[in-house]
Q: 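Next up is a structure, given as structure tokens.
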Amino acid sequence: MSKGRYGIHGGQYVSEALMNEIQRLEECYEYYKKDEGFQAELTELLNNYAGRPSLLYYAEKMTKDLGGAKIYLKREDLNHTGSHKINNVLGQVLMAKKMGKTRVIAETGAGQHGVATATAAALLGMECEIFMGREDTERQALNVYRMELLGAKVHSVTSGTQTLKDAVNETMREWTNRMADTHYVLGSVMGPHPFPMIVRDFQSVISREAREQILKAEGRLPAAVVACVGGGSNAMGAFYHFIEDKEVELIGCEAAGKGVDTACHAATVTKGSLGIFHGMKSYFCQDEYGQIAPVYSISAGLDYPGVGPEHANLHDTGRAKYVPITDEEAVSAFEYIAKTEGIICAIESAHAIAQVRKIAADYSPDQNIIVCVSGRGDKDVAAIARYRGVDIHD
Amino acid sequence: MINENNKIKRAFHMPNAKALIVFLTAGDPDADSCVKFIPEMERAGADLIEIGIPFSDPIAEDEIVQAANIRAIKRGMTTDGVFDIVKRVRERSQIPLCLKSYLNPVFHYGYERFFEKCGELSVDGIIIPDLPYEEKAEVEEPANRHNVALIPMLAPASEERIERIAKNTDGYIYVTGSKEAVPSLVESIRRVTAAPCAIGVGIAAPKQVEHMASFSEGCIVESAAVKIIEEYGKEAAPRLYEFVKNMKEAVFAINL
């Protein structure tokens, strides 16, 4: 069996043409991971360009209103480009540059990963091309223009369901055709090894900071860490340094769309089954013959039929639990945190907020819960307005 | 390893002969047509047929084959439906047959159940584009037990992997990559194995067959055949016959 296993999940299920490239990538990553110069350069970028460390903000009004555990928000929305995606992108683009690549490509769903990649490419002087499902280019038109402003070329993907999974397919095809000068900046903890490991490591800065911050603020670990899960990168980053702290509950919030009993959801762990797709063995939404199912969520960033292999294993071992949150619950949480805390969060992150609203009262006031606010919600305002029947367009 | 009952070697049987391998997607335009097309392609001179199991996300295929996959799924083709096509083909033809499938449909059917079915229907090989050498262990044992060859793929980017992969060939080596890069790739393969190399690089015209077959043991024709089916649908049989016959004549030109 190949490397990069999380229990039975993970692996390297890609075409022969890509194998050498991903093995080289793994070697390079292992080298730079231990290279002090690289790490110092990355830390410099994270702190003085992206704005890290991000705040761990005590949401006092929310805490009082929900009546239970103290709620802390890990404010990844305050990072440069407005989401956690920049953590991974700076690491990967910097590494790609060191590897001698001159061009980066990436898939994007909501556009946050695309914007972050285009940003890092602009900063580090790399060519950049982004693949985005046609449907997503329509619901996130502003982000398309943003990427173009940053100098990236955006390809509208018209194959398949025209959403995130198809954008991944197309980026994989592009990479297979052109590897010599190109690095694929995969945006989540998914795909073939070493990507789930690389992205997790770069995102683990979230829990490294949060763990220190909460110990400083509360003198104790959180009772729970809550994050939304599409592919699962902000959740993996938020969970990682708490995995060994068995008393900390880890809760991932999946997109239940119009409900897990309808055909319109993206609740991979809740409703999916074991499969092999996009280079990894994990859970996927699929039919009885293994055809990948069309998925749905109001959130373009969670609209993905799979989940990262490490999450699949955290589910198998019971270390983390994964819960479905509907569009309606997420939209209501989006409005709630805006009115209560004055924070317009991404609709993705609102899935985590929705779960906290459900569980906060089950804990005592001397306990605390950390919620990862993975991104800011400017990009979602028009869509939420439309959901509520107000006709606003980007 | 596969045993002597496996029919792949028949496709490469004559000394210095070149095999013509033709692909179609099961269920495109429908099952009945596929059952008709395959014997026609055999009659026109195809030595081996690859039958694609349609998949929702055929990442390694070009746009023509992607579209055929989606058409076939829309018209209700399933893995059971593919086996039914094979069963009906086997009632009238013993041509060497390989399936081409992404791993997930095979995994979902159950490896043991899938290859047992292949064995029953005398399917000779399988090509799985997203199953590299490192991952093949989970499929190899049941495949071999049912005498189904796991056809390895090699690309110009394989480089130092060539030796390890080529030495373990069952059936033939599916050589892919750009038209310019395959001759030197085949040369590298030659150094480590005598296994037949078949070239699949978007071959669409007799001239290309002549060139590709001049330094290999065979040519794989995929999109060009699928395109004819896309264009002529259920009426494609005579067009496919004509097309395959022309390609085969180009192969014979080499053999002379």
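Every chain is numbered from 1, with letters handed out A, B, ... down the list of sequences.
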Q: Looking at F107(B), Y109(B), Y102(B), which one has more heavy-atom pairs under 4.5 Å with chain A than the rest?
A: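 Most heavy-atom pairs within the cutoff with chain A belong to F107(B).
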Q: At a heavy-atom distance under 4.5 Å, which candidate from A155(B), S158(B), G177(B) has the highest pair count against chain A?
A: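 Most heavy-atom pairs under 4.5 Å with chain A: S158(B).
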Q: Tell me, for F277(A) versus chain B, whether the close heavy atoms (under 4.5 Å) come from the side chain, the backbone, both or neither.
A: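 Contact with chain B involves the side chain of F277(A) alone.
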Q: Just wondering, do R173(A) and E63(B) contact through their side chains at under 4.5 Å, heavy atoms?
A: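 Of all side-chain heavy-atom pairs linking R173(A) with E63(B), none is under 4.5 Å.
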Q: Checking heavy atoms, do the side chain of Q286(A), its backbone, both or neither come under 4.5 Å from chain B?
A: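 Only the side chain of Q286(A) comes within 4.5 Å of chain B.
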Q: Would you mind reporting whether M19(A) and Y133(B) have side-chain heavy atoms less than 4.5 Å apart?
A: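 No - every pair of side-chain heavy atoms lies 4.5 Å or more apart.
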Q: Just by distance, do the side chain of Q291(A) and the backbone of P54(B) share a donor-acceptor pair under 3.5 Å?
A: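 Indeed, once roles are kept as given, a pair shorter than 3.5 Å links the two residues.
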Q: Any salt bridge between E135(B) and R5(A), counting N to O under 4.0 Å?
A: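 Yes, this pair counts.
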Q: State, to 0.1 Å, how close P132(B) and V14(A) come at their nearest heavy-atom pair, and which atoms those are.
A: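 Residues P132(B) and V14(A), closest heavy atoms: CD-O, 3.3 Å.
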Q: Heavy-atom distances under 4.5 Å only: say whether L274(A) touches chain B with side chain, backbone, both or neither.
A: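 Both parts, backbone and side chain.
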Q: Identify which part of I128(B) has an atom lying under 4.5 Å from any heavy atom of chain A, answering side chain, backbone, both or neither.
A: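 I128(B) has no heavy atom closer than 4.5 Å to chain A.
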Q: Would you compute the distance between atom CD1 of I53(B) and atom OH of Y289(A) and round it to the nearest 0.5 angstrom?
A: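 Reported to 0.5 Å precision, the distance equals 11.5 Å.
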Q: Report which part of S15(A) has an atom under 4.5 Å of a heavy atom belonging to chain B: side chain, backbone, both, or neither.
A: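 Both parts, backbone and side chain.
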Q: Less than 3.5 Å apart, any donor N or O on the side chain of Y13(A) or N104(B) sitting next to an acceptor on the other?
A: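 Distance-only check fails for Y13(A) and N104(B).
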Q: Let me know if D166(A) has heavy atoms under 4.5 Å from chain B in its side chain, its backbone, both or neither.
A: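 Contact with chain B is through the side chain of D166(A) alone.
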Q: Given side chains that start at C-beta, do those of R161(B) and Q23(A) come closer than 4.5 Å, heavy atoms only?
A: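 The answer is yes, as the side chains (C-beta and beyond) meet within the 4.5 Å cut-off.
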Q: Tell me whether K227(B) at atom NZ has more than 12 heavy atoms from other residues, nucleotides or ligands lying less than 6.0 Å away.
A: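 Counting other residues, nucleotides and ligands, NZ of K227(B) stays at 12 neighbours or fewer.
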Q: Where do I59(B) and H278(A) come nearest, in terms of heavy atoms and distance?
A: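 Looking at all heavy atoms of both residues, the shortest contact is CD1-CD2, 3.6 Å.
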Q: Does E16(A) use its side chain to pair, donor to acceptor, with the backbone of P152(B) at less than 3.5 Å?
A: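 Looks like no, no N/O pair under 3.5 Å.
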Q: Considering only heavy atoms, which portion of T161(A) lies under 4.5 Å from any heavy atom of chain B: side chain, backbone, both, or neither?
A: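 Neither part.
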Q: Minimum heavy-atom separation for K165(A) to S56(B), with atom names?
A: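 So the two residues come closest at NZ-O, 4.4 Å.
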Q: At a 4.5 Å cut-off on heavy atoms, which part of P105(B) comes close to chain A: side chain, backbone, both, or neither?
A: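 Its backbone and side chain both get close to chain A.
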Q: In Å, rounded to the nearest 0.5 Å, how long is the span from CG of N169(A) to CD of Q66(B)?
A: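 So the CG of N169(A) and the CD of Q66(B) are separated by 8.0 Å.
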Q: Determine the option with the most heavy-atom pairs under 4.5 angstrom with chain A, choosing from N69(B), V106(B), D80(B).
A: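 Between N69(B), V106(B), D80(B), the count favours D80(B).
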